[in-house]
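These notes are about the structure you will find just below.
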Amino acid sequence: MPQTAATHTFRHLKTVHILKNLATKPVDLTVEGVLSSERIERYCAQSSEFKLLYGTERVTDDVLQALKELAHEARLVEKMEAMQRGDVVNKIEGYPSESRMVLHTAMRDFFMHPNEGDNAKKAAKAEKKECDKLKDFMAKIDAQGKFTTLIQIGIGGSDLGPRALSVAMHAFRKPGRQVHFISNVDPDDASGILQQIDPKRTLVVVVSKSGTTLETLTNEELVRSRFKQAGCKPEEHFISVTGEKSPMDNPSRYLASFYMWDYIGGRYSVTSMVGAVALTFALGYDQFMNILKGAHEMDRLALNPDIHVNLPLLGAMLGIWNRNFLHYQTVAILPYSQALLRFTAHLQQCNMESNGKRIDKKGNPVDFDTGPVIWGEPGTNGQHSFYQLIHQGTNVVPVEFIGFRESQYQEDLNIQGTTSQEKLLSNLFAQSIALAKGQKNDNPNKVFPGNRPNQILLAKRLDPFTLGALMSYYENKIAFQGFCWNINSFDQEGVQLGKVLANKIIDHFKSKRQGKKSEKFPEAEAMLRHLETL
Ligand code: G6Q
């Protein structure tokens with residue numbers, strides 16, 4: 001059967017065979033002279049605010065050409081167009097599945113480009129309405145001057161992205177504004193935050209697309225009860241962000257409600273109201289708009305057919321080379337920026353929930369590797385921790401470094417001839433070169449094998465626009481990889497089984513407390529007995 005964009009099996013694509021051959025003899029970066037300044041100059045792509053330096057990846061012109069052809073053969077840009085215009089791309093053909101559009105890109109598209117589909121335009125219009133509502137609401141909050149603090153309660157996609165961006169933008173906060181997050185159903189999470197705040201001066205935004213998530217509903221009740229104890233009326237402090245008509249869409253319980261829709265996946269929701277409320281409270285509306293503008297610029301780039309301009313596509317194909325042809329199992333994302341402290345955790349969800357899949361879009365098991373394990377921490381801290389394994393361990397870990405020319409606060413000091421920012425960047429470049437080139441030595445313990453692939457994404461300064469673009473770079477890169485593997489990157493069935501079992505165990509706890517009999521669940525009962533005998 002001829003391969004089409006809709007039905008292709010990754011392994012049967014023509015270019016896959018070319019790449020397989022090329023992978024039998026990838027360039028050896030440890031050979032004297034291979035990692036030259038010309039190579040670093042040459043293997044660099046630049047667009048928007050970013051440069052992607054990939055001379056330290058194990059690629060040659062032939063590999064790049066084949067990756068470009070693979071992207072073309074699998075019609076990746078066409079699929080990105082289909083996603084962004086609002087085709088139903090979140091589905092598994094022939095089986096019950098979410099069957100939804102995927103329109104997070106419309107959340108930052110108030111410009112309505114003429115070639116966009118009606119669905120995308122409708123979604124952008126609906127979001128514009130929410131943004132206008134939010135702008136008015138925040139103007140009132142600012143005028144009142146009552147609230148200095150905001151707590152966001154949510155989990156997964158309703159926590160990780162907003163938290164990562166909020167931490168990343170600390171340097172741009174309005175004076176006196178604090179933002180906290182509560183996500184874990186561990187009661188210590190809420191207690192730890194509640195100790196730090198004054199309820200009278202605190203807004204609480206409860207974020208749940210479904211309005212039914214156990215952790216979020218539990219934490220909401222816990223925080224509501226503490227607010228009541230402190231003499232505050234929750235309906236004067238609590239805001240909800242939820243799906244229209246969800247159980248949380250209840251005006252009597254909230255000061256205000258903002259909406260999101262089923263076509264916004266949780267992990268892709270930070271530019272919707274899910275992130276908007278906390279980020280606008282912390283940074284102001286205009287800076288939140290700058291995040292959206294940066295994200296939008298990268299979304300537009302993701303539609304460019306030229307792989308040297310379309311950075312997310314290039315990043316995606318380099319990842320496919322490492323994953324499917326050099327067969328590496330994990331990817332470390334290592335930002336040389338303290339502000340990106342929580343960014344890798346956000347990307348971990350985005351990546352692993354999207355591309356941790358074992359069937360294709362027709363429900364057939366795949367016979368190739370899909371999404372790698374994603375992990376990481378900011379440098380230079382990581383250097384004093386897990387870099388040992390990356391340099392000399394038995395597993396090769398491709399690395400994606402992220403760096404910025406300037407610091408955010410721009411408060412730096414020249415100590416012994418260099419600023420801290422220069423020291424930070426020197427470390428980044430040193431790691432990249434050391435991983436690629438390695439080191440020969442007579443003492444085996446001092447041998448660095450090298451050929452450890454890595455790339456550097458560089459920008460001038462991590463401001464709201466750049467952060468929006470950086471986030472969108474990764475979102476689009478992940479989508480391209482999913483398109484290439486022909487898997488559905490937009491559902492998350494894999495988290496269901498544990499959730500269902502947890503609810504059964506919760507019922508056990510309840511029945512025991514009430515002295516009632518409950519459904520038999522011997523494995524869980526045995527575990528609970530261990531708990532009781534502690
Ligand atoms: C993300 C997932 C998941 C989700 C949370 C919270 O893509 O769907 O992480 O965001 O389970 O869900 P609610 O927003 O519905 O509470």
Side-chain angles (χ1 to χ4, degrees), residues 83 89-92 97-105 107 130 151-166 181-186 189-190 204-223 238-250 253-254 257-278 342 344-357 371 374 471-472 474-476 478-479 482 487-503 506:
M83 184 192 93
V89 297
N90 172 2
K91 64 174 177 195
I92 303 290
S97 61
E98 287 188 336
S99 281
R100 292 175 185 164
M101 302 181 282
V102 175
L103 275 174
H104 50 275
T105 49
M107 299 298 97
E130 294 307 298
I151 299 175
Q152 173 147 342
I153 302 178
I155 195 164
S158 296
D159 168 63
L160 286 158
R163 192 193 289 255
L165 267 63
S166 168
F181 291 85
I182 298 174
S183 54
N184 201 332
V185 75
D186 178 346
D189 194 5
V204 181
V205 57
V206 188
V207 183
S208 177
K209 176 170 147 185
S210 60
T212 59
T213 302
L214 169 91
E215 291 90 335
T216 303
L217 298 187
T218 306
N219 277 323
E220 177 176 4
E221 287 316 310
L222 202 152
V223 176
F238 281 55
I239 306 166
S240 70
V241 174
T242 193
E244 225 167 341
K245 303 205 171 63
S246 94
M248 267 170 52
D249 183 9
N250 179 352
R253 277 168 60 87
Y254 299 100
S257 289
F258 299 95
Y259 295 128
M260 67 181 300
W261 301 272
D262 73 350
Y263 48 74
I264 309 298
R267 55 196 174 273
Y268 296 98
S269 67
V270 61
T271 49
S272 74
M273 286 298 124
V274 168
V277 177
R342 295 291 302 167
T344 303
H346 167 53
L347 297 182
Q348 200 168 44
Q349 177 190 27
C350 252
N351 246 293
M352 292 168 72
E353 206 163 42
S354 298
N355 288 341
K357 304 284 163 69
I374 304 289
M471 189 210 58
S472 159
Y474 275 102
E475 286 181 354
N476 288 307
I478 291 161
I487 57 175
N488 182 8
S489 300
F490 305 108
D491 65 1
Q492 55 285 313
E493 283 301 318
V495 298
Q496 289 309 323
L497 179 61
K499 259 196 202 174
V500 171
L501 290 186
N503 280 329
I506 288 169

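Source: prediction; values computed, not measured. All ligand and atom numbering here is 1-based and tracks the order in the structure.
In this structure, the side-chain contact (heavy atoms from CB on, under 4.5 Å) partners of Asn488, at least two apart in sequence or on a different chain, are Asn90, Ile92, Lys361, Phe490, Asp491. Remark: Glu353 engages Arg267 in a salt bridge (Lys or Arg N to Asp or Glu O under 4.0 Å) (not counting sequence neighbours). Evaluation of the side-chain contact (heavy atoms from CB on, under 4.5 Å) rule for Glu130 yields Glu127, Lys133, Phe258, Tyr259, Trp261, Met273 as partners, not counting sequence neighbours.
A distance limit of 4.0 angstrom between heavy atoms and ligand 1 selects the residues Ile155, Gly156, Gly157, Ser158, Ser208, Lys209, Ser210, Thr213, Gly266, Arg267, Gln349, Glu353, Gln492.
Looking at Arg163 and Asp159, a side-chain N of the basic residue comes within less than 4.0 Å of a carboxylate O on the acidic one, giving a salt bridge.
In this structure, Tyr268 and Met107 have side chains that are not in contact, with every pair of non-hydrogen atoms separated by 4.5 Å or more.
Side chain of Thr242 to backbone of Ser208: a donor-acceptor contact under 3.5 angstrom is found.
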